[in-house]
Structures are given as C-alpha cells and as structure tokens.
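Order of the sequence lines fixes the chain letters, A, B, ..., with proteins taken first and strands second; residue numbering starts at 1 for each chain.
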Amino acid sequence: MIVHSGEINGPVRETADVCIIGSGCGGGASAKVLAEAGKKVIVLEEGGHYTSKDFDGTEQTAYEHLYQQRAGQATDDLAVTVLQGRCVGGSSTVNWTISLRTPDFVLEAWKRDHGIQGLSSKELEPYFERVEKYLNVHTEPFENHNPNNRIILDGAKKLGFRAVAVGRNTKDCVKAGACGLGCPFDARKSVDITYIPDAVKSGATVFANFRANKIEITRTTKRVSGVVFDHQTQKPKTDFIIEAPVVIVSGSAINSPVLLLKSNLANSSGELGKNLTFHLTTAVLGVFDQIMYGAGGIPQSAMSDEFLNKNHDGGGFWLEAVPIYPTLAALALPGFGSAHRELLHQYPHIGATIILVKEIDSSGRVTVNDHGRASISYMLREKDLGYLKQGLAVAARVQFAAGAKRVMTLHARQTEFTSPAEIEPKLAASGWGMNELSLYSAHPLGTCRMGINPKRSVVDERCQTHDVKGLFVIDGSVTPTSLGVNPQITLLAIAEKSAEWIAANYADIKAR
Amino acid sequence: MNVLPDRVTTRRKFLKETLTGVVFLSVSKLVPSEALLAGELSQVPKDLGFFSPREYLIFEAVAERIIGLPSPGQPSIKDVGVASRADQFLAGADSEVQDQLHQLFTVVNAAFFTFLFDFRFSSFLNMSAPDKDSYILDWMTSKFGFRRTGFQALKRVSLSMFYTDNHSWKEIGYEGMFMPEERK
C-alpha cells in the first residue's frame with residue numbers, strides 16, 4: 001500500500017519488522033527483497049508519490065515536485081549544483097537511464113584500500129545480472145542515438161578514443177527525451193515503477209511526504225520519528241513514530257548523514273558526513289550548423305571512457321551526453337543580459353557533452369546546519385582539477401571533430417573556442433576558482449563510508465553500522481570511493497545483497 | 001567548491017563576509033530610497049509571500065538585466081511575471097535560503113555597499129541601465145568569492161523563473177516535450 005499524506009488525519013504510530021527511510025535505489029531494492037522474504041516493511045519517503053500521469057514534461061513541474069530543493073540544492077557556496085530526486089523512487093525517477101556496472105578497478109580498490117570482502121566483480125556478478133534483467137538494461141541500436149550522443153560516438157571515434165553505446169533501463173522507450181522530468185510513458189524502469197510496486201505487492205507500506213527527523217535506540221527496538229507534510233502546501237501536518245528492530249537509512253549521501261548526525265548515532269569514527277564525492281561534472285557546449293535539438297531523443301545512450309583510469313591511478317574522467325532543457329541551457333550558458341539571451345537563440349543548434357571526473361584527491365563534507373538541514377562543502381584539489389581541465393579540452397576536441405563550429409565552456413566569463421588550436425591557451429587563461437566555472441553533481445556518494453575498520457568507516461560490508469546492531473545504511477553514502485560511473489546499478493546490487501543478508505540473519509540482528 | 005584550501009566559503013562564512021558586520025547593514029538601511037521609489041512601490045503586488053515590496057523591485061530590476069531586454073515580439077520579464085513567479089517560488093524555499101536571499105537583496109541594492117565594493121554613489125535601483133550591467137558584471141567576476149556566489153544566486157532565480165515558463169520557449173526554438181496524444 002502507498003499512503004499519501006492526504007489520507008493521514010492524525011499522528012501515525014506504527015510498528016514493523018523493518019523501517020526503511022528513503023525510497024530510492026537503496027531503499028526501494030531493500031524494501032522489495034525484505035518484503036518478499038516475509039518481513040513487515042514500512043518505507044518512509046520525504047517526497048511525494050507520483051505516477052506517469054503526473055509528469056507533464058515541463059521543467060517547472062519536475063523541479064518543483066521531483067527534485068531536492070526544487071533542483072536548487074547546492075554546496076553552501078553555490079559552486080556545485082547537486083541534483084537529486086525527492087519523490088518515491090528517488091533519483092531513479094529522474095535520472096537519464098544510464099545503467100553501468102561498477103568498474104573492476106574500483107571494486108579492487110575497495111578490497112585493497114578498505115579491506116572490503118564480498119563485493120568483488122565475481123561476487124556481485126549474479127546481482128548485476130539480476131538487476132539488469134529486472135530493469136531490462138540494454139544498449140540502443142545505432143539509429144536510436146540522437147545528434148547529441150552522436151557527437152560522442154562520431155567525434156571520439158574520429159580522434160581514436162573509445163566510445164560505445166551504454167546500457168539503459170528502459171522498455172518501449174518512445175525517445176521523447178523527458179527522462180529528467182519524470183517519464184510520462186512509464187518507459188524508464190525506475191524504482192517507483194519496479195521495486196516499489198513489487199515491495200507493495202508483498203505487503204510493504206510506503207508513506208509518502210514523511211520526513212524522518214530522528215532515530216532513537218530503545219532497550220527493545222528502534223524508534224523513527226518525524227513530520228508528515230501536507231502534499232499540496234508542503235507545510236507540516238502531523239507527526240509520526242515508527243518502531244522497528246531493524247532500521248535502514250536510505251536517504252542518500254546528503255540526507256543519510258544528516259539524519260544520523262541529528263540522531264547522534266553511528267559516528268564513533270568521526271567519519272560520518274565526510275568523504276563526500278561528487279563525480280564532479282561540467283560541460284562544453286558546441287554550436288553546430290545543423291539542428292541538434294538536445295531536448296529530444298534519448299538523452300543519454302553513449303559514452304567515452306577512454307580517459308577513465310588511463311593512468312592507473314584510479315582517477316580520470318569520461319564523457320557523456322546530456323539533455324538540453326531550456327532552463328538547464330540558460331543556467332549553463334555563460335554571462336548574462338542581452339549577450340546571454342542572444343546566445344540562447346542558438347539553442348536548437350547546441351550540442352552538449354559532459355565531463356564527469358572520478359575524484360581521487362577531492363572530497364567534501366555534509367554537516368547539519370542551524371535549520372537541521374544539510375550543509376554541503378566541497379574541496380576540488382589539484383589532481384582532479386587537472387583531470388577536469390583535461391576533460392574540458394578533450395570534450396571540446398570531440399565536439400570539433402563531430403562538426404561543431406564553436407565550442408564554449410561553462411565559465412562565468414565566456415570562454416569560447418573557434419578552433420581546436422584555441423583550446424589549450426584559452427583554458428590556461430581561464431579562472432578556476434569558486435563560481436568561475438559551473439559545476440554539477442548528480443552522483444553524490446561516500447558520506448557513510450563502508451570499511452572493515454570501525455575507526456575509519458561508518459558501516460561494514462553488510463551496510464550495518466559499526467556502532468549500532470540493526471541500524472543499516474543502504475544507499476550511495478556507503479561507497480568507499482567515487483565510482484567513476486553512473487551509480488544506480490551499483491547501488492541496486494549492493495542493496496539487494498545487503499537486504500538478502502538482513503533477511504537471512506534477521507533473528508540474530510534483532511536479538512540485541 | 002574551492003581549488004585552494006584557504007578559500008573555503010561555507011554558508012556561514014558567506015553570510016559573515018557578505019554582511020561585513022551587521023552594523024554596516026543597519027546603516028545601509030537608513031539610506032532613503034523608499035521615498036524615491038514611491039511610484040514603483042505602488043505597482044508592486046500586495047499579496048507577496050517572500051519579497052518585501054522593496055525587494056520585489058530590486059529583484060525585478062536585477063532580473064531584467066540578467067535575462068536581457070526583449071527585441072520586438074519577444075516576451076519581457078513582466079510578460080512572464082518573473083518577479084511574481086520568483087516570489088511564489090521563494091516563499092516555499094528553506095528558511096535558511098530565504099534568510100540569505102533577504103540579506104543578498106539588501107547588499108546588492110544598498111548605496112553603502114555599492115560604494116564599498118565599487119565606489120559607486122547610487123543604490124542599484126537608482127543606477128542607469130549600463131551602470132546596472134557593469135555592476136552585475138563586477139559581481140560575476142569579483143575577486144571576492146561571496147560576490148560571485150551572490151551573482152550565481154541571482155542568475156539562477158532569474159533565469160529559472162523566465163525559462164521554465166512556456167512563453168519564453170518560442171524565442172529560443174524549444175517546442176516543448178513530446179507528450180502522449182491524449183494529454184496534449
């Protein structure tokens with residue numbers, strides 16, 4: 001059953017075997033596995049529950065209802081915009097469908113540097129396979145790539161860089177391009193239309209517009225309390241208390257540490273909220289003679305991973321396409337005023353290529369501000385800045401190779417190349433300080449880091465907190481490092497594996 | 001985001017730096033701009049959820065410069081109702097964001113700060129159009145991180161309120177999202 005806050009008329013008091021806070025990849029997959037194992041599961045989701053009928057294909061509706069802080073979530077200095085879902089299904093409801101397994105070199109580093117057992121490529125293989133089959137992950141035939149993705153396939157290949165079609169979790173996709181705005185066609189196999197309905201079929205209850213504010217550990221159970229918001233006004237309406245012996249925090253790398261910090265739990269290591277990685281992203285925009293219309297067609301269907309871990313240092317970057325919705329384009333284009341407005345007249349001719357940096361020396365931190373909400377800071381350091389610059393140069397070259405007549409970066413002060421020869425000198429003269437280049441993240445990870453050493457990590461290999469038996473964190477916050485790829489398949493696989501272990505060991509976990 | 005460890009600007013630090021002391025702020029509020037704006041203030045909607053009437057005018061003036069003036073046949077910010085849409089949008093923002101924006105509008109407009117930062121002798125509202133553009137450019141490219149942050153905040157709100165509205169789409173050639181036939 002999915003319960004909307006409009007159906008709630010007074011304080012909610014419930015008990016369950018497992019209370020899951022958050023309904024994205026981590027929470028949704030955990031809910032399905034545990035409900036199918038016969039556990040009484042309650043899922044709490046801060047955002048609302050929407051269906052394809054609610055998705056009208058506009059940025060206004062999507063940003064207002066489906067995104068954290070209405071797509072305005074950012075680091076405290078506004079230097080990095082952090083895009084995350086805030087609805088049943090979490091970010092899976094608004095992501096751009098790329099479905100990739102965790103790279104082997106990343107999993108090897110987790111074992112080597114963090115002592116993690118049980119998450120090797122071989123051990124995750126059956127989970128990857130199961131998830132991919134369940135979500136219908138497949139690659140697209142060549143004719144399905146839109147002009148924006150063809151930039152990567154054509155441009156990178158011309159330069160001798162590896163570029164391939166990537167897996168997508170869709171079925172009967174009509175290629176409308178609405179992925180980031182909520183799919184009006186139910187073509188994307190996101191958590192809200194896969195894991196959550198299956199969890200509900202097995203008896204799980206999902207409460208939408210329920211924000212957990214605190215977890216308390218009592219002698220016999222765990223108590224999750226919080227506020228119920230009115231679906232329409234978003235004003236507090238009443239409160240709730242859910243008691244369960246097992247609590248799974250699945251609020252994402254931003255909100256999971258906030259909840260645990262406010263609850264004064266799971267932080268004996270002092271690592272809670274630290275080690276934030278962003279998979280830091282920026283873009284180049286090319287202006288082409290032909291119509292590109294980056295808002296239409298499949299938004300992301302190709303990538304170039306030529307420069308990921310190329311130096312065997314665990315870092316690097318790769319290239320993907322990005323849907324070019326009007327507001328995203330307006331915010332990304334440099335400058336302001338009449339010149340900016342004039343630039344936007346090139347909108348149908350703009351192709352965008354994003355650069356995603358797998359961090360090796362940069363990191364951030366999530367703390368709790370005076371209002372009880374997330375405060376996010378981030379430090380971009382030299383090695384990753386180097387890869388960011390290299391990525392911009394490579395992406396610009398790829399754009400030219402694909403036919404762009406001029407290429408711009410997202411620097412506040414317009415940085416434009418009219419030929420490949422201009423790229424390096426103009427980048428060398430550009431500013432790299434805070435808010436001199438627009439930066440984004442759609443993959444924040446790592447703030448409840450997994451590891452075997454309780455002094456250096458928050459959760460163990462099962463995603464159980466070192467400090468509190470029966471308290472788990474299952475979401476993007478547990479990854480020990482940046483992944484270097486879009487994270488949904490990794491998170492779903494880890495969630496399924498951890499939830500299976502919880503189901504199999506429930507009696508022991510429950511016995512304190 | 002920062003490239004150098006000694007340039008961390010947390011939200012708290014941003015506020016601290018922005019205000020450069022609450023004393024200055026209180027002084028700036030003494031600058032008599034209300035009297036000069038009496039005519040414009042009477043045009044401001046009465047049922048504002050976030051802006052004060054003065055802030056509404058400041059934002060509208062900033063947004064007009066950031067979005068750019070329309071050519072004939074193109075929508076203006078008043079056609080789209082950018083300031084009213086921003087008021088509704090910001091009325092639902094987190095309280096900490098609201099606090100910061102209230103302070104930002106004061107700092108952007110106050111003659112005290114325009115003098116302090118740029119040696120200008122006028123509040124933003126009283127500047128000429130070229131001076132307004134020059135002043136916003138100074139914020140965008142400032143050596144002070146908090147001013148670049150302030151510019152980003154203003155740019156985001158202004159452009160978001162304009163380009164999420166379908167009246168702005170025709171001008172840039174956006175045709176709207178393909179939707180199922182029965183829901184068009």
Side-chain angles (χ1 to χ4, degrees), chain A residues 53 56-60 63-64 69-72 75-80 174-178 181 184-185 234 280 293 295-296 325-327 329-331 335-342 344-345 347-348 369-371 373 375 377-382 385 412-413 431-436 439, chain B residues 1-5 7-14 65-71 74 85 89 92-97 99 133 136-137 140-141 143 145-160 162-166 168-169 171-180 183:
Chain A
K53 290 183 175 58
D56 63 4
T58 68
E59 288 181 284
Q60 180 173 348
Y63 298 157
E64 184 170 345
Q69 296 187 29
R70 296 187 279 179
T75 51
D76 289 351
D77 56 15
L78 298 185
V80 186
V174 300
K175 298 178 273 187
L181 312 176
F185 307 93
Q234 289 298 303
L280 197 66
Y293 204 69
Y325 305 132
T327 308
L331 294 176
F336 67 93
S338 300
H340 178 273
R341 193 164 180 161
E342 191 64 33
L344 264 170
H345 291 167
Y347 174 79
N369 67 20
D370 295 341
H371 298 261
R373 305 292 283 161
S375 170
S377 58
Y378 184 80
M379 184 79 72
L380 175 59
R381 295 187 187 278
E382 296 305 325
L385 178 60
R413 193 190 286 272
W432 301 97
M434 176 185 75
N435 283 316
E436 290 189 281
L439 295 167
Chain B
M1 189 282 295
N2 293 278
V3 282
L4 298 172
R7 290 173 61 190
V8 173
T9 299
T10 62
R11 188 160 277 174
R12 185 179 297 279
K13 193 175 172 191
F14 165 74
R65 303 318 304 173
I66 286 180
I67 293 165
L69 293 175
S71 299
Q74 295 173 351
R85 297 185 81 216
F89 178 79
D94 282 358
S95 53
E96 57 156 336
V97 174
D99 291 348
D133 287 350
I136 292 172
L137 182 66
M140 184 181 90
T141 57
K143 65 180 178 181
F146 75 85
R147 293 186 82 200
R148 298 198 301 272
T149 298
F151 167 79
Q152 285 298 328
L154 296 169
K155 180 176 176 179
R156 285 173 193 215
V157 178
S158 303
L159 294 175
S160 298
F162 191 71
Y163 288 104
T164 50
D165 188 280
N166 58 10
S168 67
W169 295 349
E171 177 188 340
I172 64 171
Y174 178 61
E175 298 164 4
M177 194 56 65
F178 171 78
M179 290 294 290
R183 289 169 53 188

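Interface remark: of the candidates A/Gly72, A/Gly335, A/Ala329, A/Ala71, A/Gly335 forms the most heavy-atom pairs closer than 4.5 Å to chain B. Of the listed residues A/Tyr293, A/Tyr325, A/Tyr63, the one with more heavy-atom pairs under 4.5 angstrom with chain B than any other is A/Tyr293.
Using modelled atom types, one finds a donor on one side chain and an acceptor on the other under 3.5 Å when comparing A/Asn435 with B/Thr149.
Checked by atom type and distance alone, the side chain of A/Arg413 never pairs as donor or acceptor with a backbone atom of B/Thr141 at under 3.5 Å.
The contact between B/Asp94 and chain A is made entirely by side chain atoms (from C-beta outward), counting heavy-atom distances below 4.5 Å. Both the backbone and the side chain of B/Arg156 come within contact range of chain A, each with at least one heavy atom under 4.5 Å from a heavy atom of that chain. When heavy atoms are compared at a cutoff of 4.5 Å, A/Arg373 approaches chain B solely by way of its side chain, counted from C-beta outward. For B/Phe162, the part lying near chain A is the side chain, with the backbone staying farther off; criterion is any non-hydrogen pair under 4.5 Å.
Residues B/Phe178 and A/Lys175 are not in side-chain contact: their nearest non-hydrogen atoms beyond the backbone lie 4.5 Å or more apart. Under the 4.5 Å side-chain criterion, counting only non-hydrogen atoms from C-beta, A/Phe336 is not in contact with B/Leu154.
How far CD of A/Glu436 is from CZ of B/Arg148: 4.5 Å, rounded to the nearest 0.5 Å. The distance from the OH atom of B/Tyr163 to the CZ atom of A/Arg341 is 5.5 Å, given to the nearest 0.5 Å. Here the straight-line distance linking atom OG1 of A/Thr58 with atom CE of B/Met177 works out to 9.0 Å at 0.5 Å rounding. With rounding to the nearest 0.5 angstrom, the CZ atom of B/Phe146 is 13.5 Å from the CG atom of A/Leu78. With values rounded to the nearest 0.5 angstrom, A/Glu59 atom CD is found 7.5 Å from B/Trp169 atom CH2. In this structure, NE2 in A/His340 is found 14.5 Å from CZ in B/Arg65, a value given to the nearest 0.5 Å.
Ring planes of A/Tyr347 and B/Tyr174: perpendicular class, angle over 60° (limits at 30 and 60°).
When all heavy atoms are compared, the tightest approach of B/Leu159 to A/Ala330 is CD1-O, 3.3 Å. Heavy-atom minimum distance, B/Ser160 versus A/Leu331: OG-CD1, 3.9 Å.
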